[in-house]
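Please read the structure below before turning to the comments.
Chain naming here is simple, since letters A, B, ... match the order of the sequence lines and numbering starts at 1 in each.
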Number of protein chains: 2
Amino acid sequence: MPEVISQPYTRADEAFDCLQTAIVKGDLSPGEKIGEVELCARFNLTRGPLREALGRLESRGLLVRRPHAGVKVVSVSTEELMELYRIREVMEGLAARQAAERMTDAEIAGLYATLDSHETMIEQAQGQAYYQAEGDYDFHHRIATGSRNTKLAQMLLGDLYYMVRMYRYRLSTASGRPHMALGEHRRIVEAIAQRDGELAEFLMKRHINAARQNIERKIQEGGLTI
Amino acid sequence: MPEVISQPYTRADEAFDCLQTAIVKGDLSPGEKIGEVELCARFNLTRGPLREALGRLESRGLLVRRPHAGVKVVSVSTEELMELYRIREVMEGLAARQAAERMTDAEIAGLYATLDSHETMIEQAQGQAYYQAEGDYDFHHRIATGSRNTKLAQMLLGDLYYMVRMYRYRLSTASGRPHMALGEHRRIVEAIAQRDGELAEFLMKRHINAARQNIERKIQEGGLTI
DNA sequence: GAATCCTGGATTGTTGACAATAATCTGTAT
DNA sequence: ATACAGATTATTGTCAACAATCCAGGATTC
């Protein structure tokens with residue numbers, strides 16, 4: 001989503017966003033070697049800002065760059081996706097704990113509202129996993145920012161989520177367990193509302209662990225080789 | 001330190017390393033507004049590669065950049081430093097657990113060797129906190145890579161450690177408890193050698209938590225306002 | 001006297017051209 | 001036919017000039 005508030009938006013920022021979403025949405029396949037001029041033509045940019053964006057993307061681990069040999073989108077194995085979930089488990093556990101300690105009452109009210117809107121969304125479009133994924137993203141986003149831990153939020157929102165979402169798009173019905181996830185979310189929010197950081201951390205870790213196992217099972221069953 | 005192995009070393013990489021070490025060592029004070037041309041003169045670079053490096057540094061959170069308004073080194077409060085340690089606590093706990101599960105026997109032997117060299121270093125240069133800091137860095141570095149979790153190692157080594165070291169240089173006698181830390185290290189290594197992931201995670205978390213409390217105390221006592 | 005608007009200067013963002021490097025293709029020899 | 005070596009080509013890395021934007025100082029107005 002392009003921001004509206006930030007007018008001073010350089011071409012490099014634009015390039016960064018374009019490339020990031022393109023990678024996440026799968027428009028640029030992993031392993032695909034892409035030339036700079038080709039990208040320039042595709043996104044109406046010049047090579048200066050593009051290279052700057054490329055550097056940022058490389059620093060974030062979304063693509064790899066060998067000197068004089070071009071750029072290619074990073075291709076991640078199933079094992080590496082599982083590792084990402086293990087990182088999420090501990091980091092979001094921390095986020096939940098700190099959110100329980102620090103969120104304002106207004107923010108907690110917002111969490112409840114998010115929960116309700118997810119419920120109606122799930123009822124309306126039954127089984128539509130996409131909305132669930134979006135709602136899930138929203139939920140975790142709020143908790144990350146609610147932790148009041150700048151760096152933690154930055155790492156979660158800026159690094160991990162993009163990599164995870166990159167795979168969500170591919171195996172689209174990733175979570176595929178809307179009701180169960182919603183229940184888990186509700187319990188986490190209740191723990192936060194009661195300011196029980198320890199419990200919130202525990203529940204969040206279990207929630208993400210369950211999601212990881214679910215994906216692992218789906219991949220093994222369906223033979224979905226990413 | 002410039003790498004010797006990697007000959008294909010672009011100017012942008014060079015600029016990135018130079019700036020990173022300059023920030024970490026404190027040659028560029030936090031909050032200081034720095035101009036591009038000034039940096040170019042300082043590091044014998046042109047603005048192209050420099051800007052690319054600047055983008056990377058910004059993406060890693062070591063400096064902030066307002067469009068058309070210049071670059072300044074990020075200045076972090078005491079609270080934010082504490083937050084960094086909280087993140088380290090959970091991430092390095094995970095790293096220790098996975099290292100216990102996955103490190104090869106040779107790597108574990110290397111850990112023991114590191115431990116021994118630290119011991120002699122501490123004995124030789126008693127109280128010299130600098131060596132301790134270096135050894136500490138080495139220890140945590142080995143465990144991060146030993147976790148075989150690519151992204152985890154990347155986040156720890158590429159992001160967090162640089163920010164933490166940035167403050168180590170400032171309040172130089174950061175840990176200042178060589179012997180105690182060494183004992184904690186030894187216990188962690190033993191847990192890893194016994195392939196006891198749970199214990200290794202617990203000990204590592206406690207170790208980092210102790211370091212955090214130590215720094216917090218030092219800051220409050222000495223009135224070291226970073 | 002204080003605040004606001006405007007203009008000059010400096011700095012950043014962007015562009016296009018140039019140089020250096022790696023991949024590819026072709027030709028020859030085994 | 002295959003493997004190796006050389007040259008070509010295309011792509012990346014780098015540079016210097018141009019345009020757009022913000023900051024500071026001064027003048028003006030309330």
Legend entry - B/Arg51 vs D/dT14: side-chain N/O to OP1/OP2 distance below 4.0 Å: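 Answer no for this pair, as no side-chain N or O of B/Arg51 is under 4.0 Å from OP1 or OP2.
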Inset, instruction - Look at A/Arg66 and C/dA22 and indicate whether a side-chain polar atom (N or O) is within less than 4.0 Å of OP1 or OP2. - result: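 Result: no.
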Please report, rounded to the nearest Å, how far the [atom2] atom of [N] is from the [atom1] atom of [X].
{"X": "A/Glu52", "N": "C/dT14", "atom1": "CD", "atom2": "C1'", "answer": "10 Å"}
{"X": "B/Lys33", "N": "D/dC23", "atom1": "NZ", "atom2": "P", "answer": "8 Å"}
{"X": "A/Leu54", "N": "D/dG13", "atom1": "CG", "atom2": "C1'", "answer": "13 Å"}
{"X": "B/Glu58", "N": "C/dG13", "atom1": "CD", "atom2": "C1'", "answer": "14 Å"}
{"X": "A/Glu36", "N": "C/dT15", "atom1": "CD", "atom2": "P", "answer": "14 Å"}
{"X": "A/Glu14", "N": "C/dT14", "atom1": "CD", "atom2": "C1'", "answer": "13 Å"}
{"X": "A/Leu50", "N": "D/dT11", "atom1": "CG", "atom2": "C1'", "answer": "13 Å"}
{"X": "A/Tyr9", "N": "C/dG13", "atom1": "OH", "atom2": "P", "answer": "15 Å"}

Inset, instruction - Choose from D/dT14, D/dC23, C/dT14 the nucleotide whose nearest atom is closest to any side-chain atom of B/Thr46. - result: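 Shortest atom-to-atom distance from the side chain points to D/dT14.
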Legend entry - Out of D/dT14, C/dT15, D/dG13, whichever nucleotide has its closest atom nearest the side chain of A/Pro67: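 Nearest to the side chain of A/Pro67 among the choices is D/dG13.
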Inset, instruction - Please round to 10 degrees the angle between the axis of the first five pairs and the axis of the last five pairs in the helix from C/dG1-D/dC30 to C/dT30-D/dA1. - result: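 Between the first-five-pair axis and the last-five-pair axis there is 30°.
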Inset, instruction - Check every strand shown and say whether B/Gly48 touches a base, only sugar-phosphate, or nothing at a heavy-atom separation below 4.0 Å. - result: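 Result for B/Gly48 = nothing.
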Legend entry - Positions of residues 37-45 of chain A (non-hydrogen atom under 4.0 Å from DNA chain D), listed by number: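 Those residues whose heavy atoms fall under 4.0 Å from DNA chain D, taken from residues 37-45 of chain A, amount to none.
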Legend entry - First encountered from the 5' end of DNA chain C, between A/Ala69 and A/Ala12: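 Its nucleotide being nearer the 5' end, the pick is A/Ala12.
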Inset, instruction - Run the salt-bridge test on A/Glu36 and A/Arg51 with the 4.0 Å N-O cut-off and return the result as yes or no. - result: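 Between A/Arg51 and A/Glu36 there is a salt bridge, with a charged N closer than 4.0 Å to a carboxylate O.
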Inset, instruction - Look at A/Glu52 together with A/Arg47 and state whether they make a salt bridge at an N to O cut-off of under 4.0 Å. - result: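 Between A/Arg47 and A/Glu52 there is no salt bridge, as every charged N stays at least 4.0 Å from the carboxylate O atoms.
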So, do [X] and [Y] sit near enough that their side-chain heavy atoms are less than 4.5 Å apart?
{"X": "B/Glu216", "Y": "B/Leu81", "answer": "no"}
{"X": "B/Val74", "Y": "B/Ile23", "answer": "no"}
{"X": "B/Asp13", "Y": "B/Arg56", "answer": "yes"}

Inset, instruction - Determine whether more than 12 heavy atoms belonging to other residues, nucleotides or ligands lie under 6.0 Å from atom CZ of B/Arg66. - result: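 Count not over threshold, so no.
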Inset, instruction - Determine, step by step, whether A/Leu157 and A/Thr145 satisfy the side chain to side chain contact (heavy atoms under 4.5 Å, CB included) criterion, reporting the C-alpha distance in whole Å, the side-chain angles of both residues, the deciding distance to 0.1 Å, and the verdict. - result: CA-CA 9 Å; A/Leu157 304 176; A/Thr145 55; 3.8 Å; yes
Every protein N/O lying under 3.5 Å from an N/O of nucleotides 4-8 of chain C:
none

Within the sub-3.5 Å range, which N or O atoms of nucleotides 18-20 of chain C have a protein N or O partner, and how far apart are they?
none

Inset, instruction - Give the intermediate values and the outcome of side chain to side chain contact (heavy atoms under 4.5 Å, CB included) for residues A/Leu160 and A/Arg165. - result: CA-CA 9 Å; A/Leu160 280 179; A/Arg165 286 215 289 174; over 6 Å; no
Legend entry - Test side chain to side chain contact (heavy atoms under 4.5 Å, CB included) applied to A/Asn209 and A/Lys205, A/His207, A/Arg212, the passing residue: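 Single side chain to side chain contact (heavy atoms under 4.5 Å, CB included) partner of A/Asn209 among A/Lys205, A/His207, A/Arg212: A/Arg212.
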Would you tabulate the side-chain donor-acceptor contacts of residues 38-46 of chain B under 3.5 Å, counting partners in other chains and residues two or more places apart, or write 'none'?
| residue | atom | partner | partner atom | Å |
| --- | --- | --- | --- | --- |
| B/Arg42 | NH2 | B/Asp27 | O | 3.4 |

Tell me which donor-acceptor pairs under 3.5 Å the side chains of residues 91-103 of chain B have, and how far apart each pair is, sequence neighbours excluded?
| residue | atom | partner | partner atom | Å |
| --- | --- | --- | --- | --- |
| B/Glu92 | OE1 | B/His140 | ND1 | 2.7 |
| B/Glu92 | OE1 | B/Tyr161 | OH | 3.1 |
| B/Glu92 | OE2 | B/Arg88 | NE | 2.7 |
| B/Glu92 | OE2 | B/Arg88 | NH2 | 2.9 |
| B/Glu92 | OE2 | B/Tyr161 | OH | 2.9 |
| B/Arg97 | NH1 | B/Glu201 | OE1 | 2.8 |
| B/Arg97 | NH1 | B/Glu201 | OE2 | 3.4 |
| B/Gln98 | OE1 | B/Asn149 | ND2 | 3.0 |
| B/Gln98 | NE2 | A/Glu83 | OE1 | 3.0 |
| B/Arg102 | NH1 | A/Glu83 | OE2 | 2.8 |
| B/Arg102 | NH1 | B/Ser147 | O | 3.2 |
| B/Arg102 | NH2 | A/Glu83 | OE2 | 2.7 |

Inset, instruction - I would like to know whether B/Gln20 and B/Leu57 meet side chain to side chain contact (heavy atoms under 4.5 Å, CB included); could you show each step before the answer? - result: CA-CA 7 Å; B/Gln20 183 158 264; B/Leu57 264 331; 4.3 Å; yes
Inset, instruction - Give me the one residue out of A/Arg60, A/Glu58, A/Gln154 that meets side-chain hydrogen bond (donor to acceptor under 3.5 Å, both in side chains) with B/Ser59. - result: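 The single option meeting the side-chain hydrogen bond (donor to acceptor under 3.5 Å, both in side chains) with B/Ser59 is A/Arg60.
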Legend entry - Audit row: A/Leu111, A/Phe139, side chain to side chain contact (heavy atoms under 4.5 Å, CB included) steps and yes/no: CA-CA 7 Å; A/Leu111 266 183; A/Phe139 174 76; 4.0 Å; yes
